[in-house]
Amino acid sequence: MTIIKICGMMRPADIAAVNASRPDQIGFVFARGRRRCVRHREAAVMKAMLDPAITAVGVFADNPLEEIAALLRRGVIDAVQLHGHETEAAIAALHARVHCPVVQAFAIASAEDLRRAEASSAEMILFDNGRGGTGQPFDWRWLRSVRRPFVLSGGLDAANLEAALALHPAGIDLSSGVETEGAKDPAKIAACVARFRALTNDLNDDRRKK
């Protein structure tokens, strides 16, 4: 089943919007220096407001492993997404500390990038444009040869959602595509989640007919 994640929660109003629209996952960014980065205390308050049926993912980039583990132990996040230069050793060390799904993000610009992604020991891989947060898609033609499930991110919005799902990702991850003037837009979140549900229902119907 394909899932939809709305990343970059920054305000209680963002949580109210996702609670109303019911994506499968949301993301709190803890990667330092990123525009959507939130403090631990802010994320904890928002997690307490979040519908329990929605999974909270922490997004990190070379953060200390103990910081990640502490957020998991406190229940502020339920899963981890790594956007830095994390090595296989770092992923193994994180798995040794906590038991949770780990997603590792990759920028794809060559066949070697694809090989590195497919060799990752993370439970899931994610493809994005550069370091993420650019609001721009990358060249999706690289994904034609991917041999393991992946999440697609980077410049996704209501206009290209159908084309993105045609690549058969395990998940899609939206952020800037559901924002207006840098803030999460409840109407755009609702529209994207509704369109995603309609499109995935159509795809599932087609598969059942075959």
Side-chain angles (χ1 to χ4, degrees), residues 2-61 63 67-68 70-84 100-103 105 124 126 128-137 151-161 164-165 169-200:
T2 308
I3 61 101
I4 180 171
K5 172 169 166 272
I6 306 296
C7 200
M9 302 287 103
M10 296 177 66
R11 309 167 302 164
D14 300 339
I15 301 300
V18 294
N19 282 346
S21 298
R22 301 293 297 275
D24 302 292
Q25 300 181 344
I26 58 93
F28 294 126
V29 177
F30 299 105
R32 294 174 180 81
R34 306 291 178 91
R35 180 177 67 80
R36 301 178 184 89
C37 184
V38 294
R39 295 183 177 90
H40 295 187
R41 185 180 300 176
E42 295 169 335
V45 170
M46 289 188 281
K47 176 62 185 302
M49 299 169 56
L50 184 67
D51 186 317
I54 302 173
T55 299
V57 181
V59 179
F60 303 91
N63 297 59
E67 176 188 357
I68 300 173
L71 287 165
L72 286 160
R73 285 194 294 264
R74 290 169 52 203
V76 178
I77 57 173
D78 308 303
V80 173
Q81 188 170 308
L82 303 175
H83 270 262
C100 76
V102 175
V103 180
M124 180 63 67
L126 178 147
D128 204 343
N129 187 354
R131 294 173 67 246
T134 65
Q136 299 295 322
V151 175
L152 179 59
S153 188
L156 296 176
D157 56 26
N160 60 14
L161 199 53
L165 288 171
I172 62 162
D173 192 335
L174 301 97
S175 188
S176 59
V178 289
E179 291 180 346
T180 298
E181 297 181 353
K184 289 294 182 287
D185 185 322
K188 288 183 178 179
I189 292 174
C192 276
V193 173
R195 180 152 175 74
F196 171 85
R197 299 295 182 208
L199 289 167
T200 51

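Since this is a predicted model, take the numbers as computed values, not measurements.
Contact detail for Ser21 and Ala190: the closest heavy-atom pair is OG-CA, 3.3 Å. Scanning both residues, Pro23 and Ile26, for their nearest heavy atoms gives CG-CG2, 4.2 Å. Contact detail for Asp78 and Pro101: the closest heavy-atom pair is O-CD, 3.9 Å. Scanning all heavy atoms of the two residues, the minimum distance from Cys100 to Ala79 falls at SG-CA, 4.4 Å. Across all their heavy atoms, Ile77 and Ile68 have their closest contact at CD1-O, 4.4 Å. Here the shortest heavy-atom pairing between Cys192 and Val178 reads SG-CG1, 3.8 Å.
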Evaluation steps, salt bridge (Lys or Arg N to Asp or Glu O under 4.0 Å), between Asp157 and Lys188
CA-CA 9 Å; Asp157 56 26; Lys188 288 183 178 179; over 6 Å; no
Is there a side chain to side chain contact (heavy atoms under 4.5 Å, CB included) between His83 and Leu126 once you walk through the steps?
CA-CA 9 Å; His83 270 262; Leu126 178 147; 4.0 Å; yes
Stepwise side chain to side chain contact (heavy atoms under 4.5 Å, CB included) check, Asn63 with Arg32:
CA-CA 8 Å; Asn63 297 59; Arg32 294 174 180 81; 3.1 Å; yes
Throw together a table of side-chain donor-acceptor distances under 3.5 angstrom for residues 4-12, partners on residues two or more places apart or in other chains.
| residue | atom | partner | partner atom | Å |
| --- | --- | --- | --- | --- |
| Lys5 | NZ | Gln81 | OE1 | 3.1 |
| Lys5 | NZ | Asp173 | OD1 | 3.3 |
| Lys5 | NZ | Asp173 | OD2 | 2.7 |
| Arg11 | NE | Asp14 | OD1 | 3.2 |
| Arg11 | NH2 | Asp14 | OD1 | 2.9 |
| Arg11 | NH2 | Lys184 | O | 3.2 |

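Between Phe30 and Phe60, the ring planes are parallel. Angles under 30° get that label, and only those over 60° would be called perpendicular.
Here the straight-line distance linking atom OG1 of Thr200 with atom CZ of Arg195 works out to 11.0 Å at 0.5 Å rounding. Note that the CG atom of Leu152 and the CG atom of Leu165 stand 8.5 Å from one another [nearest 0.5 Å].
At least one donor-acceptor pair closer than 3.5 Å links the side chain of Asn19 to the backbone N or O of Asp51. The main-chain N or O of Ile172 is never found under 3.5 Å from a side-chain atom of Thr2 such that the two would form a donor-acceptor pair. Using modelled atom types, no side-chain atom of Arg36 and backbone atom of Ser175 make a donor-acceptor pair closer than 3.5 Å.
Arg197 has a carboxylate O that lies under 4.0 Å from a charged side-chain N of Asp24, or vice versa, which qualifies the two as a salt bridge.
With a 6.0 Å radius and a threshold of 12 heavy atoms from other residues, nucleotides or ligands, Arg41 has its CZ atom at or below the threshold.
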